[in-house]
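We count ligands from 1, going down the list as the structure has it; atoms in each ligand are counted the same way.
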Amino acid sequence: MPTLVLVLLVFIWIPLVVPFTIIMSDSGTPSALVDAPQTRFSMNNNGARTDPREQAAVYEIMKATGNGWATDIPDVCRGRWHGIECMPDKNEVFHVVSLSFGALSDDTAFPTCDQKRSFISPSITKLPHLRTLFFYRCFSYNPQPIPTFLGQLGPTLQTLVLRENGHVGPIPPELGNLTHLRILDLHKNKLNGSIPVSLSRIMGLKSLDVSVNSLTGSVPVLDYPVLSIFDLSQNLLTGSITSSIGNCPSLIRMDLSRNHLSGPIPDSIGNLKNLILMDLSYNQLSGPFPNALGSLSALQALILKGNAMDSTIISGNWYNGMKDLMIMVLSDMSLHGPIPESLGFLPSLRVIHLDRNRLNGTIPTSFQELKGLSELRLNDNQLTGRVPFIRETVWKMGRKLRLFNNSGLCYDPQNGLDDDIDSLVDSGISYCETSTSISAPTTMHFSNFMGHRSTYVGRSSAPIYESSTHLHVLLLILFFISIL
Ligand SMILES: *[C@@H]1O[C@H](CO)[C@@H](O)[C@H](O)[C@H]1NC(C)=O
Ligand SMILES: *[C@@H]1O[C@H](CO)[C@@H](O)[C@H](O)[C@H]1NC(C)=O
Ligand SMILES: *[C@@H]1O[C@H](CO)[C@@H](O)[C@H](O)[C@H]1NC(C)=O
Ligand SMILES: *[C@@H]1O[C@H](CO)[C@@H](O)[C@H](O)[C@H]1NC(C)=O
């Protein structure tokens, strides 16, 4: 089942960015029948056939999705299509182990569903060997709850993907009976109610994605030793992030963004030594900044924006462990006080967003040392003093350097600012006052310049997400790197 594995990887790693662009296929054939026999039907297997009860069940399941054509196939494991996988037992009887539905891309497609009429047939429970069940965009115009009978698939099922299907109602507690599930993906449905406690029975869960639903209640108490993907983003969850999050040491990606979570970030997150992405943005989390962040030694992206933490950025050595941190997004958090000099010692930083806070003091000179820095937003703060960048740095960052609406920032002409450098001028930053005579003529020149550049002068009203594509590209790269 190499196709499905790759598809799942793409689903799991990329949804932040582009939902489905890269789907690996093992052939270009769409949902039509594949003529060739199932790979495991070798020459010696001519007598092999599919278990007749499972065959009848597959016919029912196919009919329920509008794929009645399948009933013309004398042996479903032999005349196979993309989306069915079978395995022989020791008596050469074939069993259905995987069923997948939904057009993933133009050139790789599992059987598509009739979105207005499809439903999940209870005959699914007659496939006792089923390991993978995958429905993508299947029931969108025939909204239905996730059937409770799926729980009867018991300990055999390993992967359950019900993605963008328009499912309504609660997540059935019966899914907790799927005790050997590794992947549970219910992304982008219309599920409501709370996340059932019974899911905690699934000890071997590796990926839990219930993002983009309307789930309420609290983040479940977690105790998943091998969980690596945990995505509850874009729901209506309330309450705090409990310290049980520390019981998931294998976490690689944690996304709880865009909920209504409150309270502080627990110190136990310091246990998450494999965490690469932490996105807790747009909740109501409170301060202070947890020192424990500093022990997240694998972290590459820290995204906390839109939580009014009303805190200072801790200036101690809490960054010491974060040698791989590339992306730090701390916008709009009511942060105050100085930007710690130690930030400039995070060697991998490429993107820093500290905009729309109340930070004061100067831009740390250590920022000059960030050789990979390509995007810096410090706009809408109360920063003062000299901008510590040489001309080349300013030029390289261009409009990704945002400093506007900081009343006290100025640029030292000796650093080589020239007329062709838009960003600082656009930001309304003037030359620093010096004791020498430079200021009068410069001011005049500067205002002329502002005049014919007026298109960019009012940049404080620029859309918040204007250049977030850049961030997304970085995130994309980051996740590809981490797959390899
Ligand atoms: C599955 O789980 C539910 C609730 O969690 C329970 O009531 C039921 O008896 C379990 N067993 C089966 C076979 O569904
Ligand atoms: C879930 O949504 C349905 C309507 O789709 C509604 O009838 C039901 O009360 C909701 N349940 C909860 C727990 O919000
Ligand atoms: C920053 O603001 C705080 C109070 O908000 C003040 O005590 C401190 O002196 C300010 N620091 C600078 C460098 O302006
Ligand atoms: C400037 O930034 C402050 C936050 O430090 C903000 O409250 C204010 O609205 C901004 N001014 C403009 C003109 O955007």
Would [atom] count as contacted, meaning some protein heavy atom under 4.0 Å?
atom	answer
atom 14 (O) of ligand 1	yes
atom 3 (C) of ligand 2	yes
atom 11 (N) of ligand 2	yes

Under 3.5 Å, is there a donor-acceptor pair between the [X] and [Y] side chains?
X	Y	result
H353	E375	yes
H95	E54	yes
T365	E341	yes
H187	S211	yes
S214	N192	no

Closest protein heavy atom (residue, atom, distance) for [atom]:
atom	result
atom 1 (C) of ligand 1	N177 ND2, 1.5 Å
atom 9 (O) of ligand 3	N360 ND2, 4.8 Å
atom 6 (C) of ligand 2	N192 ND2, 4.1 Å

Note: D332-R356 ion pair, threshold 4.0 Å (strictly below): yes
Proximal ligand 1 atoms for P173, defined as those under 4.0 Å from one of its heavy atoms: 5 (O)
G337 to ligand 3, any heavy atom closer than 4.0 Å: no
Gap separating the CG atom of L232 from the CE atom of M254, nearest 0.5 angstrom: 10.0 Å
Which of the ligand 3 atoms, numbered from 1, are nearer than 4.0 Å to a heavy atom of G361: 13 (C)
